[in-house]
Amino acid sequence: MTHIRIEGATKRFGDTLALDDVSLDLAGGSFTALLGASGCGKTTLLRLIAGFERPTAGRILFDGTLVCDAHQEVPPEDRKVGVVFQSYALWPHLTVARNIAYPLETRGLAKAEIAARVGAALERVGLGGLGQRAPEDLSGGQRQRVALARCLVAEASVIVFDEPLANLDIHLRASMVESFRDLHARTGTTIVYVTHDQAEALAMADRIAVMDAGRVVQFAPPRRLYAAPRNATVAQFIGRGALVEATAVGLDEHRARVTCAGATFEARRAGGADGPVQVLLRPEALRLADDGLPVLVRRATYRGPVTEIEATLIGAPGRLIFDCTEAPPLGSSVRLAVADAWVIPEA
Ligand SMILES: Nc1ncnc2c1ncn2[C@@H]1O[C@H](COP(=O)(O)OP(=O)(O)OP(=O)(O)O)[C@@H](O)[C@H]1O
């Protein structure tokens, strides 16, 4: 249960500022997802935590002990950090069991002890009995489980994952998400998990750090990120929804009356001045009604139980989406009641 503290971590590669003054406090036993578009700095932050890179400025502490700053670092093998990458990083010429045993062999443990621990780890990741196979005779998901078992035998107190599911098909991804959640629940290992897939992050993490251009834009539990994104980048990255221009008049610190396209509704907010604002409208907060936001139906996409409708506001710029069971005809104008909305705090 290692507590990880990142203080003002900055990393430059030549002219590229990969990380820009990142500070994060990751509680012991927490599951943190680093989420963001390609190139935002997720992998760089992970590599600093694992010990594969040194920061240009700032420092990282494990349980209050310095593991790196610009001048010194504890090497990866001494940090008790397990690593699971997108490419499985298994040795092809070794059996599954030997791949898992490797960290124990380097520690010089007795053969019987190693065999017992490897067997237990294989059972835990659902690969009991497959120890003698070669990695190439396993599926992608099974190879990921081998990498996970290797972290387990090494008794890593921190495990970092870098897009571990990126190569797997959708069903396997779902079952691996379950495995990771189980592993976390049973071991209490501190987990840092890099992904650009928000569904994975929302399903597993107890906190998500949304990154953009080397900075952490928001660090919050999944529900809070979804309900109250700090700026437009986070709002657009997490979940479905639309941002519309509106005018707000505060009711109190937490609520405002918002006018948009001639309709008025209530929105949640975190303080802020009255006047022009951007408002986030999630599809599940919108439903067809006799009164409300006037929109023109542009497109209908069947998504299984519901049809997703894309519509444009009438009398104001803006495009939004909502779900319904019976799609109104394309080109028709309808009205939408707004059950919930959020005023974006930062322009
Ligand atoms: N070794 C390196 N040398 C030069 N530039 C690098 C190096 N590693 C990363 N970068 C640059 O730093 C920035 C952040 O890269 P990083 O890999 O951390 O992003 P990421 O969010 O993990 O992206 P992706 O999702 O595509 O893996 C990018 O502009 C990248 O090109």
Side-chain angles (χ1 to χ4, degrees), residues 4-26 30-60 67-73 75-76 79 81-89 140 143-144 147-148 151 158-170 172-173 176-177 180 190-205 207-220 222 225 229-239:
I4 303 174
R5 195 174 163 84
I6 300 157
E7 293 180 355
T10 294
K11 179 70 185 176
R12 284 183 183 281
F13 295 103
D15 290 341
T16 306
L17 186 57
L19 281 183
D20 183 7
D21 193 18
V22 167
S23 294
L24 283 175
D25 208 51
L26 313 182
S30 59
F31 191 137
T32 304
L34 305 179
L35 182 66
S38 182
C40 69
K42 307 178 295 288
T43 298
T44 303
L45 182 54
L46 201 75
R47 290 173 62 81
L48 289 185
I49 293 170
F52 303 137
E53 302 278 1
R54 189 189 278 183
T56 313
R59 57 183 200 156
I60 298 180
V67 293
C68 67
D69 62 15
H71 312 291
Q72 55 195 312
E73 64 191 336
R79 292 191 191 188
V81 175
V83 180
V84 181
F85 287 126
Q86 177 181 335
S87 60
Y88 316 105
R143 286 181 215 176
Q144 264 328 359
L148 201 55
C151 297
V158 175
I159 302 181
V160 300
F161 291 89
D162 193 358
E163 305 251 11
L165 307 184
N167 286 335
L168 306 184
D169 74 46
I170 189 163
L172 212 48
R173 290 169 85 111
M176 290 303 287
V177 162
F180 294 159
T190 306
I191 289 178
V192 187
Y193 188 101
V194 163
T195 179
H196 61 256
D197 180 337
Q198 48 139 330
E200 262 171 39
L202 291 170
M204 288 190 284
R207 286 190 140 215
I208 300 175
V210 181
M211 298 184 63
D212 184 32
R215 302 189 74 103
V216 172
V217 189
Q218 191 167 3
F219 181 44
L225 274 186
R230 178 175 291 164
N231 65 15
T233 307
V234 180
Q236 282 158 341
F237 208 79
I238 305 278

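Worth saying up front: this structure is predicted, and the values here are computed from it rather than measured. Atoms within each ligand, like the ligands themselves, are counted from 1 in listed order. Side-chain atoms are counted along with the backbone in the values below, which use heavy atoms only and exclude waters and symmetry mates.
Among protein heavy atoms, the minimum distance from atom 6 (C) of ligand 1 is reached at F13 CD1, 3.3 Å. In terms of protein heavy atoms, atom 23 (O) of ligand 1 is closest to G39 N, 2.8 Å. The protein atom (non-hydrogen) at minimum distance from atom 26 (O) of ligand 1 is S38 OG, 2.6 Å. What sits closest to atom 12 (O) of ligand 1 on the protein, heavy atoms only, is A18 CB, 3.3 Å. If you check which protein heavy atom lies closest to atom 11 (C) of ligand 1, you get T16 CG2, 3.9 Å. What sits closest to atom 17 (O) of ligand 1 on the protein, heavy atoms only, is T43 CB, 3.6 Å. Protein heavy atom nearest atom 25 (O) of ligand 1, with residue, atom name and distance: K42 NZ, 2.9 Å.
For the residue pair E7/S23, the side-chain donor-acceptor check at 3.5 Å is not satisfied. There is no side-chain donor-acceptor pair under 3.5 Å between E163 and Y193.
Both the backbone and the side chain of T44 come within 4.0 Å of ligand 1, judged by heavy-atom distances.
For a threshold of 3.5 Å applied to N or O pairs, the pair formed by G41 and ligand 1 contains at least one separation below that value.
In summary, D162 and R47 do not engage in a salt bridge, as defined by a charged side-chain N under 4.0 Å from a carboxylate O.
A cation-pi arrangement is found for R207 relative to F219, the charged atom lying closer than 6.0 Å to the ring centre and inside a 45° cone about the ring normal.
Within a 4.0 Å radius of atom 30 (C) of ligand 1, the protein contributes no heavy atom.
Counting heavy atoms from C-beta on, the side chains of E73 and R79 come closer than 4.5 Å.
Each of the following atoms of ligand 1 lies closer than 4.0 Å to a heavy atom of A37: 21 (O).
The two residues K42 and L35 have their closest heavy-atom pair at CD-C, 3.9 Å. Considering every non-hydrogen atom in both L17 and D20, the closest pair reads CD2-CG, 3.6 Å.
With I4 as the partner, the side-chain contact (heavy atoms from CB on, under 4.5 Å) test is satisfied by one option alone out of V67, T32, L26: L26.
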